[in-house]
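The figures here come from the full heavy-atom set of this structure, side chains too, leaving out hydrogens, waters and symmetry mates. Counting starts at 1 for both ligands and their atoms, following the listed order. Keep in mind that what you see is a predicted model, and the values were worked out from it rather than measured.
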Amino acid sequence: SQAKIFDKDQRVSTTFKDVAGLAEAKQEVEEIVEFLKNPAKYTKLGGKIPKGALLVGPPGTGKTLLAKAVAGEANVPFFSMSGSDFVEMFVGVGASRVRDLFKQAKEKAPCIVFIDEIDAIGRARGRNPNMGSNDERENTLNQLLTEMDGFDTNSGVIILAATNRADILDRALMRAGRFDRQIHVELPDLNERTEIFRVHLRPLKLSEDVKVDFLSKQTPGFSGADIANVCNEAALIAARKNKDSVTKQDFLDAVDRIIGGLEKKNKIIS
Ligand code: ATP
């Protein structure tokens, strides 16, 4: 449905405090925040801020969260769309949605435009002739390139896009003046998992036997999204058992469930 394409509530309350770990990525987007807050500081010296940055990394590592936090920190509107919304669209619709999105964004500048799963529209053109007509996807991609070229950085629209497949993207997207910066968002290490747990444990009522360091040791290879799931799942398990607080055992059970889910997902893929 039309309503799903654009995020209508363009103000976000997410800030860097909600994003645990990702120290380097945060540092890289800091300058975008600075620019959105005080464009004159940059433009008066003749400098040009990049129009777009590509957030690259595995699923669930916080790319969307980081993009929202940039908008939240700068207190500017956040417009978003997902590349996957554009597959199987009727001819002309994708391109016109892109046009509409940028029109709205330019009216509300300074702002962030976020394109999740950009690989769904940004795959290299003419790559997969057997998959039927890719015309509509290509039209959408071409419209996106046109839009990116058609405005001045100093208009205050900054485009962030996310992908876990930078390798398959059309090179044209990475050309100077488009997504010429890549920001890597990796799976969290032990310390970062601890930080992420701290964020997601905050709203829970915990039993005294729950130790955050123990939880991060139990969860190698987990993404931030997996950790958020563990915390929520543990709370649900405890609630089902009518407990007053969430215990270590509830977390262990939740970790098992998430691992079970991840294994199933991997089996389907391989
Ligand atoms: P995808 O590639 O699947 O779209 P993503 O990288 O955009 O994933 P998000 O959608 O940002 O990941 O993450 C999903 C949820 O996981 C977040 O809303 C948040 O609750 C949690 N999460 C992920 N990474 C972090 C993090 N670094 N700090 C805190 N929470 C995180």
- Query: Is Lys103 salt-bridged to Glu107, cutoff N-O under 4.0 Å?
  - Reply: yes

- Query: Think Lys108 forms a cation-pi with Phe79, using NZ or CZ under 6.0 Å from the six-ring centre and within 45 degrees of its axis?
  - Reply: no

- Identify, with sequence neighbours excluded, every residue that meets salt bridge (Lys or Arg N to Asp or Glu O under 4.0 Å) alongside Lys41. Glu34

- Between Tyr42 and Phe35, how do the two ring planes meet: parallel, tilted or perpendicular, split at 30° and 60°? perpendicular

- Message: For the residue pair Asp226 / Ser223, report whether a side-chain donor-acceptor contact shorter than 3.5 Å exists.
- Response: yes

Which protein N or O atoms sit under 3.5 Å from any N or O of ligand 1? Give atom names and distances.
| residue | atom | partner | partner atom | Å |
| --- | --- | --- | --- | --- |
| ligand 1 | 2 (O) | Lys63 | NZ | 3.0 |
| ligand 1 | 3 (O) | Gly60 | N | 3.3 |
| ligand 1 | 6 (O) | Thr61 | N | 3.1 |
| ligand 1 | 6 (O) | Gly62 | N | 3.0 |
| ligand 1 | 6 (O) | Lys63 | N | 2.9 |
| ligand 1 | 6 (O) | Lys63 | NZ | 2.8 |
| ligand 1 | 7 (O) | Thr64 | N | 2.9 |
| ligand 1 | 7 (O) | Thr64 | OG1 | 2.7 |
| ligand 1 | 8 (O) | Gly60 | N | 2.8 |
| ligand 1 | 11 (O) | Thr64 | N | 3.3 |
| ligand 1 | 11 (O) | Leu65 | N | 3.0 |
| ligand 1 | 12 (O) | Gly62 | N | 3.2 |
| ligand 1 | 16 (O) | Ala225 | N | 3.4 |
| ligand 1 | 24 (N) | Thr61 | O | 3.4 |
| ligand 1 | 24 (N) | Gly62 | N | 3.4 |
| ligand 1 | 27 (N) | Ala20 | O | 2.8 |
| ligand 1 | 28 (N) | Ala20 | N | 3.0 |
| ligand 1 | 30 (N) | His200 | NE2 | 2.9 |

- Give a yes-or-no answer on whether the side chains of Thr194 and Ser216 include a donor-acceptor pair shorter than 3.5 Å. yes

